Asks: 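Following this message is one structure expressed as structure tokens.
Numbered from 1 within each chain, the chains take letters A, B, ... in sequence-line order. Not measured: the values here are computed from a predicted model. Basis for what follows: all heavy atoms, side chains included, without hydrogens, waters or symmetry-related copies.
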Number of protein chains: 2
Amino acid sequence: MSSSSLKEQVYRELSRVTHAISNPKRMELIDVLSQKSFSVEELSREILMSVASTSQHLQVLKAARLVEAERSGNFIMYSISDDSVLHLVFAVKELGFRKIAEIERLISDYKAGKQILESITLDELLVKAKQEKVLLIDVRPEEEYRAGHIPDAVSIPLAQLKKRMAGLPKGKTIVAYCRGPLCVMAADAVKILNEKKFKVLRMEDGYVEWKLKQQYPRNSKRKRGAA
Amino acid sequence: MSSSSLKEQVYRELSRVTHAISNPKRMELIDVLSQKSFSVEELSREILMSVASTSQHLQVLKAARLVEAERSGNFIMYSISDDSVLHLVFAVKELGFRKIAEIERLISDYKAGKQILESITLDELLVKAKQEKVLLIDVRPEEEYRAGHIPDAVSIPLAQLKKRMAGLPKGKTIVAYCRGPLCVMAADAVKILNEKKFKVLRMEDGYVEWKLKQQYPRNSKRKRGAA
DNA sequence: CATCTATTCAATAATTATGTTGAATAGTTG
DNA sequence: CAACTATTCAACATAATTATTGAATAGATG
């Protein structure tokens, strides 16, 4: 009876962690926070939810020690507490993308609608970069680039792309990335550049995926984008 | 609007996976199933829950594609569908053990009560086995041993330990393992053998941890057992 | 120290999860 | 094909989760 009670307690504690990520909005919050820290208000804008609800979700995440809060001036900045949170999210996505047919379908439907023809994985990029000159562009907001980016990537936020397009080379292959497979900024960038006849590919992996890859060199084979 | 709708749909799908593991009993089910496949009835006995409830939990896990079911004679045998499920569970535990002070406290309180003095990690075992002769014993039920075990381990189910104790060497160091850090069988074995003055250590990691280690050689540094 | 404001708390209503019991089902076995 | 049985379904009561609004709070800033 004491042994089963320990077991129960431990599993209850563990389920506090999984419960924290068992809500779509909280998952999205973690995904956004994986890029850099944000204030409650900024986050509420990112995930399209009221400030009070966002705050409540953040408190659930904080209670499970997935994020931590730090005051900075008038704002409270939330951030991911530890790389093990990134591993957890990575494992969830790995499983989600592999196993749940709906997601593959949703994403490829979306891509079909956006006419994203070609995408590339992180592995393929690393190979390609050795063979030919590749220009890697980071289309996330500049603050996220400043908080961390893939080596040799140039920051061209999506919002500025049209303005700065003229400075991009037509000869080189351009590879655009953003927050990762669930983010559409790179897809939008590809669409814009495609229309102007640039040689451009989308990379599904983002900075976080690159960072995790540094630590765990395996896993990274995800399927290519559909028609 | 269509872009935010894709995002929402994808996160909703992902949360189906996390929701599936956000319940203590379901987490326990996955943990048990990580050892080998079981029927619904066996599982209901393992997790101390009615057959109907167990079945319902299993269906949630199946819907999220974490487990799969296969009929074998009169029984339906459930099993883990994919190694990525093990990775997910590993990531959850990694985070739980690292971040949640309560778990550390619970476990070390329990060990104090059981007078478990020494434990060893998988890494330490591998080093030790090179230096001196070590006898590795697997104290799980024999069927689980047959379904997979750490190389060179000998099967001595906890239930048979007292009977077979005479055949064990007093000179060698004995290392006992079971299902992993949340399982108490190895701890019980250590207690029994300690009383008979065997040189015995508990290893917290189990077969699953060993298997994952083959794939991802990092992470495995968990703290030692407390007094 | 009073004002201002980002964040959190409280209360609510709607929705969803949980565990149980007892009946139904599907599939095997004699 | 009839009897049997492991598993699943249905219905229920209880409990927990969710998003919202509006009020309270804590802390910075002038």
Asks: Hey, which sits more toward the 5' end of DNA chain C by its nearest nucleotide, Arg71(A) or Gln56(A)?
Replies: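 The answer here is Arg71(A).
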Asks: Please report the C-alpha distance between Met77(A) and Ser39(A) in whole Å, then the side-chain angles of each, then the deciding distance to 0.1 Å, and finally whether the side chain to side chain contact (heavy atoms under 4.5 Å, CB included) criterion is met.
Replies: CA-CA 4 Å; Met77(A) 301 301 285; Ser39(A) 71; 3.9 Å; yes
Asks: Provide, to the nearest angstrom, the distance between the CD atom belonging to Glu70(A) and the P atom belonging to dT7(C).
Replies: 14 Å
Asks: When you measure from the side chain of His19(A), which nucleotide among dG27(D), dT17(D), dT18(C) comes out closest?
Replies: dT17(D)
Asks: Taking only the side-chain heavy atoms of Ala52(A) (C-beta and beyond), determine which of dA28(D), dT20(C), dT21(D) contains the nearest atom.
Replies: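 Minimum distance to the Ala52(A) side chain belongs to dT21(D).
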Asks: Leu61(B) has an atom CG; how far is it from atom P of dT18(C), in whole Å?
Replies: 11 Å
Asks: Measure from the side-chain heavy atoms of Arg26(B) and tell me the nearest of dT18(C), dT8(D), dT18(D).
Replies: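 It is dT18(C).
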Asks: I want to verify a distance call: between dT20(C), dA6(D), dT8(C), whose nearest atom is closest to the Phe75(B) side chain?
Replies: dA6(D)
Asks: When the distance from CE of Met77(B) to C1' of dT5(D) is rounded to whole Å, what number comes out?
Replies: 16 Å
Asks: Report the distance from atom CG of Leu29(B) to atom P of dG19(C), rounded to the nearest whole Å.
Replies: 11 Å
Asks: For dT18(D), does OP1 or OP2 lie under 4.0 Å from any side-chain N or O of Asn23(A)?
Replies: yes
Asks: Mind listing the closest non-hydrogen atom pair of Ala189(A) and Val139(A) along with its distance?
Replies: CB-CG1, 3.9 Å
Asks: With respect to the side chain of Ser53(B), which nucleotide from dA19(D), dT28(C), dG19(C) is positioned closest?
Replies: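 Closest nucleotide among those given: dG19(C).
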Asks: So does Tyr78(A) get a side-chain nitrogen or oxygen closer than 4.0 Å to the phosphate oxygens (OP1/OP2) of dA6(C)?
Replies: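 For dA6(C), neither OP1 nor OP2 has a side-chain N or O of Tyr78(A) closer than 4.0 Å.
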Asks: dT7(C) C1' sits how many Å from Arg45(A) CZ, rounded?
Replies: 15 Å
Asks: Please pick, from dG27(C), dT20(C), dT7(D), the nucleotide with the shortest atom-to-atom distance to any side-chain atom of Asn74(B).
Replies: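 Closest nucleotide to the Asn74(B) side chain: dG27(C).
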Asks: Consider salt bridge (charged side-chain N to carboxylate O under 4.0 Å, His left out). Of Glu209(A), Glu204(A), Glu46(A), Glu28(A), which one does Arg179(A) pass it with?
Replies: Glu46(A)
Asks: Ile76(A) has a side chain; which of dT18(D), dA6(D), dT8(C) sits nearest to it?
Replies: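 The listed nucleotide nearest to Ile76(A)'s side chain is dT8(C).
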Asks: Can you tell me how far P of dA19(D) sits from CG of Leu48(A), to the nearest Å?
Replies: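 Going from Leu48(A) (CG) to dA19(D) (P), I get 13 Å.
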Asks: Looking at dA19(D), I'd like to know if its phosphate oxygens (OP1 or OP2) sit under 4.0 Å from a side-chain N or O belonging to His57(A).
Replies: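 The answer is yes; a side-chain N or O of His57(A) sits under 4.0 Å from OP1 or OP2.
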Asks: What closest approach, in Å, do Val190(B) and Ala176(B) show between heavy atoms, and which atom pair accounts for it?
Replies: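 Taking every non-hydrogen atom into account, CG2-CB, 4.5 Å.
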Asks: Rounded to whole Å, how long is the line connecting atom CD of Glu28(A) with atom P of dA19(D)?
Replies: 11 Å
Asks: Specify the closest pair of heavy atoms between Ser22(B) and Ser15(A), including all atoms of both residues, with the distance to one decimal.
Replies: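 Reported closest heavy-atom pair: O-CB, 3.9 Å.
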Asks: From the options dT7(D), dT8(C), dG19(C), select the nucleotide whose nearest atom is closest to the side chain of Val40(A).
Replies: dT8(C)
Asks: Which of these nucleotides, dC9(D), dT18(C), dT8(C), is closest to any side-chain atom of Gln59(B)?
Replies: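 Per side-chain heavy atoms of Gln59(B), the pick is dC9(D).
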Asks: Under a 3.5 Å threshold, yes or no: a donor from one side chain and an acceptor from the other, between Asp205(B) and Tyr177(B)?
Replies: no
Asks: dA19(D) C1' sits how many Å from Ile47(A) CD1, rounded?
Replies: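 Interatomic distance, CD1 of Ile47(A) to C1' of dA19(D): 11 Å.
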Asks: OP1 or OP2 of dT20(C) sitting under 4.0 Å from any side-chain N/O of Ser50(B)?
Replies: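 Indeed, a polar side-chain atom of Ser50(B) lies that close.
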